[in-house]
Each structure stands twice: as C-alpha cells, then as structure tokens.
Amino acid sequence: MTARSQFACRLARWIAGMALVAGMAHGAAAADAAPAAPSATLAAPPNADQITRGEYLTKAADCIACHTVDQAKPFAGGYPLATPFGTIYGSNITPDKETGIGNWSDEDFIRALHNGVDDKGKHLYPAMPYASYTKLSRDDVLAIKAYLFSLPPIQQKNLENNLPFPLNQRWILAGWNLFNFKPGEWKDDAAKSPEWNRGAYLVEGPAHCQECHTPRNLTMGVDLKRSFGGAQLGGWTAFNITPDPVSGIGGWKDEEVIQYLKTGLVPGKASAAGGMAEAIEHSLQYMSDADLKAIVTYMRSVPAISDAADKKPRYAWGQAADDDADLRGVAAVSVSSNASGGAELFSGNCASCHSASGSGVVGGYYPSLFSNSVVGAREPGNLLMVILNGVQRRGKDDEAFMPGFADHLNDIQIATLTNYILKQYGQADAPGITPEMVKTQRQGGPASPMLSLLPWGLAAAALIVVFILFSLFARRRPRPAASRTPPK
C-alpha cells in the first residue's frame with residue numbers, strides 16, 4: 001500500500017469515526033430531549049375497501065418477508081435478518097395486544113412508518129425501511145394498519161436482537177437519522193405524467209427498491225449519487241437496474257422487465273434468486289399490470305450509471321459446452337462428491353437439470369447457464385450463493401426449485417465448479433474463485449467495513465469526552481489573584 005493510499009484510508013476512517021461520534025452525540029441529545037409522544041385514541045373501525053387496499057399495499061411493501069418465520073403464523077415475527085453488524089429479528093406486527101401491535105393507535109403506526117419510532121418512543125433499526133416508507137401517504141399507511149388489524153392476533157414474543165455494543169443502543173439511531181434520513185411524504189411532480197408519478201411513488205416508497213439496489217455510504221445510508229447502481233447485500237449482489245444498456249437493464253424490453261417482476265424468469269436474460277426471488281414471491285407478482293408498467297416507466301427515467309469494466313451486458317456472455325460428451329465412458333462421475341475437475345463436477349451435479357451443454361430446458365424452468373445475468377456478472381457472489389443455497393421461488397401458478405450444494409460439496413469443489421461455470425458460460429477472463437471466497441460466502445458474505453470503524457469512533461468519542469471534562473474542570477479551578485505593583 002502506498003503512502004497516499006495509507007493516508008486516504010486513515011482519512012476515510014477518521015471521517016467515518018467522527019461521523020459516528022457526531023451521530024452518537026446527536027442521538028444522546030435527541031434521546032434526552034424528545035420523549036415519546038403520547039398515543040392518540042384508537043380510531044373507528046375501517047371499512048372493507050380500506051382493508052382490501054391495505055392488503056394490496058402490504059404486499060407491495062413486502063411486509064411478510066421480514067415479519068414471518070413460520071408460514072402458519074403470518075406477521076408474527078421472528079425472522080432473522082442477517083446484517084453486516086449482527087442479527088436483527090423481525091417483530092410481531094399482528095394485532096395481539098401483548099406481543100404484537102394491538103395497542104397501537106393510528107398515530108403510533110404512522111410514526112413508526114414515517115419516522116422510525118415505535119409506540120414507546122424507541123427508534124427502530126433501519127432494517128425496517130422507514131427511510132422509504134416515510135414517503136407513503138397517510139391514507140396508505142392507515143390502510144396497511146387496517147389490513148393488519150383485520151388479521152387474527154397471534155401471541156408470539158419478539159426475540160432480542162444480536163448486535164454488538166454500541167449498535168445495540170437504539171438511541172444512537174437518532175444520530176444515524178441525522179446523516180441518512182429525510183422524513184416526508186412523496187410529492188407528485190406536476191411536470192411528469194400520472195404513470196411516472198405512480199411508478200416513482202411505488203419504487204421510492206412501498207417497494208423500497210433503493211434499499212437493496214443502491215450502494216451504501218460510510219455511515220451505511222444509501223448513496224443517492226449512485227441510485228439503483230447496484231449494491232452488496234449479505235453475500236448477494238443487487239444488480240444495477242438503471243437504464244444503462246451495458247451495466248444496467250437498458251437492453252431489456254419493457255415487457256421483459258414486467259415479465260421478470262411478475263415471474264422472476266426471462267429466458268435468455270435472467271432467473272431470480274435470493275432476495276429478489278423473495279420479493280417476487282411475496283410482493284411483486286401480486287401487483288397490477290398497470291402498477292408494474294408504471295414502475296418500468298419511472299425506472300427508465302432515472303440517471304443511467306455505467307461501469308467502465310463492463311464490456312457487455314451480463315446476459316450476453318457464454319456459450320454451450322461439449323465437455324460432458326467427452327467424459328462419457330471415460331471418467332466415473334456418478335458419485336459427484338468424489339469428482340475433482342470442473343467438468344466432472346458439472347456433469348455429476350448440474351448437467352441432469354441444466355443439460356450437458358448448459359442450455360437449460362425448454363421454457364426455462366431450469367435456466368440456461370449462458371445468456372444468464374447471474375453467471376455473466378463480473379461479481380461471482382450470486383452464482384456462489386445459488387450453488388451453496390439453491391433457489392426456491394413460488395409463483396401464482398408454478399414453482400422454481402434448485403437444491404443447494406453447501407452440504408454436498410466442500411469449499412475446494414465449489415470453487416472448482418464455480419470457476420468452470422464462469423469460464424465456460426460467463427466471462428472467460430473473470431478472476432478465479434478461491435476456496436477462501438467460498439468460505440466467506442458460506443458465512444453470509446464479507447463483513448461491513450463499518451465494523452472496523454467502530455473502534456475508531458469509540459476512541460474518538462472517548463477523547464472528546466475527556467477533552468470536555470478537562471475543559472469544564474479547568475474553568476472551575478479558582479484562579480490566583482494577580483499581583484498588583486503599586487504605582488511609582
């Protein structure tokens with residue numbers, strides 16, 4: 001590392017540390033100065049139309065994904081959200097009065113979605129995307145509440161989050177909000193069409209697309225200068241979805257984007273996995289064609305973000321292979337866990353579904369491995385996660401399934417298999433995958449750099465506290481009287 005890069009690294013850590021200190025200080029002040037607002041009286045029962053609209057909006061906001069761990073107990077919480085800092089558990093949002101939100105008033109619920117503060121005045125972690133939900137209209141927020149309160153109450157206690165100090169102190173989130181949160185409902189742009197405004201409202205509000213597809217800054221807020229430009233999330237990559245024709249989805253037809261949002265599959269382009277598959281399963285497939293078209297209209301208008309390292313679109317890489325035919329009658333590949341070479345591993349684990357050539361099957365249930373956005377991406381994280389964890393995506397009329405191989409193949413075998421798939425069906429000049437990279441992906445991806453900045457921030461905070469105490473002590477010390485020399 002050069003002296004210049006060392007200095008830049010130290011400067012970045014110092015800035016982030018000071019930002020954290022300022023946030024903690026602001027959070028402490030806010031915690032002391034702003035007691036919880038009293039709960040308002042409960043409103044009159046909602047009507048059927050409001051509940052129906054609330055159900056649609058609840059699906060659009062994908063609330064069930066993070067608040068359900070047991071499908072037999074929808075919205076009862078307990079789902080573990082693996083973050084770079086630790087595990088946050090989704091809370092019970094059923095109308096149970098003891099363990100859920102049954103005692104919340106309308107104002108309590110609005111404050112939670114618009115300001116990230118619960119009924120007791122405690123800050124919510126931004127894993128609950130209130131930075132996006134703040135854009136929801138008051139009527140839409142109350143419709144969501146009406147739907148949730150129409151469901152059966154389920155008694156299930158909330159689990160304690162597993163976060164390190166000081167991140168387990170909720171008051172510091174007031175400081176995070178200072179840098180990363182701007183409350184306020186969405187306001188339509190009079191110069192734009194109703195379809196564009198509807199799409200903007202859905203993307204920026206309930207669908208909260210920026211939360212996954214926009215990279216984070218040093219304080220882990222979304223970097224609005226690179227909106228929708230792609231981001232890393234727990235071992236997965238949420239791809240660039242700007243209209244850039246190479247780095248983004250500018251080469252997709254509108255109807256292909258809509259098809260992907262409804263089904264998760266566009267043969268020759270992509271097959272959804274990971275968090276995107278969950279969003280389609282729980283949320284996007286239930287949205288109306290008009291709303292999906294509005295989303296596409298808005299996304300076509302956002303600034304395109306390109307990466308010079310991208311030479312072709314992700315779906316434009318790869319070709320069919322004939323290695324499997326060369327192995328027949330030569331190599332013993334029936335016991336796939338004993339295979340060592342990439343072609344052997346592919347033949348024993350992948351060829352039966354994706355075909356010997358890697359072209360998949362007609363209709364795309366088992367997608368082609370070439371002309372595939374996951375395989376053709378420069379970042380191999382999604383491919384590794386698919387191989388490790390598999391795919392399960394339920395649609396209205398069908399289901400996509402692929403088993404994971406995390407328990408079947410070791411790190412060396414998965415690295416070998418992944419490198420073979422990348423070289424044959426993806427970017428042939430892509431950097432090689434190592435067993436160490438596979439191990440990291442097994443653990444949920446690289447740790448956040450913010451964790452390495454916490455000691456710097458805490459050390460800076462301690463120095464600031466010492467300086468303040470020293471200054472106060474110095475001011476209170478009695479000063480010796482100045483000697484006066486009599487005039488001559």
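Values in this document were obtained by computation on a predicted structure and should not be read as measured data.
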Determine whether the aromatic ring centres of residues Phe239 and Phe228 are separated by less than 6.0 angstrom. no
Inset, instruction - Verify whether the ring centers belonging to His67 and Tyr79 lie closer than 6.0 Å. - result: no
For residues Trp236 and Val386, determine if any side-chain heavy atom of one lies less than 4.5 Å from a side-chain heavy atom of the other.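 Sidechains of Val386 and Trp236: in contact.
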Would you say the side chains of [X] and [Y] form a donor-acceptor pair under 3.5 Å?
| X | Y | answer |
| --- | --- | --- |
| Trp196 | Ser301 | yes |
| Ser132 | Glu211 | yes |
| Asp139 | Ser137 | no |
| Thr99 | Asn92 | yes |
| Thr297 | Glu195 | yes |
| Asp307 | Ser247 | no |

> Do the charged groups of Asp106 and Lys145 touch, with an N to O distance under 4.0 Å?
Replying inline: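 Answer for the salt bridge query: yes.
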Does this structure show an ion pair linking Asp254 with Lys293, if we count only N-O contacts that are shorter than 4.0 Å? no
- prompt: Do other residues, nucleotides or ligands put more than 12 heavy atoms under 6.0 Å from Asp407 CG?
  reply: no
### Query
Take atom NZ in Lys182; do more than 12 heavy atoms of anything else shown fall under 6.0 Å from it?
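No - once you tally the heavy atoms of other residues, nucleotides and ligands closer than 6.0 Å, there are 12 at most.
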Nearest 0.5 Å, please: how far is CG in Leu261 from CG in Asp291?
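Answer rounded to 0.5 Å: 11.5 Å.
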Between CD1 of Ile258 and CD1 of Ile295, what distance do you get to the nearest 0.5 Å?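 Ile258 CD1 to Ile295 CD1: 9.5 Å, rounded to 0.5 Å.
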With salt bridge (Lys or Arg N to Asp or Glu O under 4.0 Å) as the criterion, how do Arg53 and Asp140 come out once you've worked through the C-alpha distance, each side chain's angles and the decisive distance to 0.1 Å? CA-CA 8 Å; Arg53 186 161 63 93; Asp140 281 354; 2.3 Å; yes
Using every non-hydrogen atom in the two residues, find where [X] and [Y] come nearest and quote the distance to one decimal.
| X | Y | result |
| --- | --- | --- |
| Ala316 | Lys312 | O-NZ, 3.3 Å |
| Thr94 | Pro74 | CG2-O, 3.6 Å |
| Asn161 | Tyr125 | ND2-CE1, 3.6 Å |
| Ile280 | Ala272 | CD1-CB, 3.7 Å |

Check the pair Asp108, Arg111 against salt bridge (Lys or Arg N to Asp or Glu O under 4.0 Å), reporting the backbone distance first and the verdict last.
CA-CA 5 Å; Asp108 291 334; Arg111 187 165 60 249; 3.0 Å; yes
Could you tell me if Lys73 sits above the aromatic ring of Phe75, with its cationic atom closer than 6.0 Å to the ring centre and no more than 45 degrees from the axis? no
Which of these passes side-chain hydrogen bond (donor to acceptor under 3.5 Å, both in side chains) with Thr237: Glu379, Arg378, Gln232?
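One option only clears the test, and that one is Gln232.
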(request) Tell me, with the steps shown, if Asp289 and Lys262 meet salt bridge (Lys or Arg N to Asp or Glu O under 4.0 Å). (result) CA-CA 9 Å; Asp289 288 346; Lys262 290 181 71 171; 3.0 Å; yes
Margin query: Whether the side chain of Asn115 engages the backbone of Val117 through a donor-acceptor N/O pair (distance < 3.5 Å, no angle test) should be reported.
Written below: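 Checked: no pair found.
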**Request:** Please check if the side chain of Arg314 supplies one atom and the backbone of Val375 the other of a donor-acceptor pair under 3.5 Å.
**Result:** no
Which label fits Tyr130 and Phe181: parallel for a plane angle under 30°, tilted from 30 to 60°, or perpendicular past 60°?
perpendicular
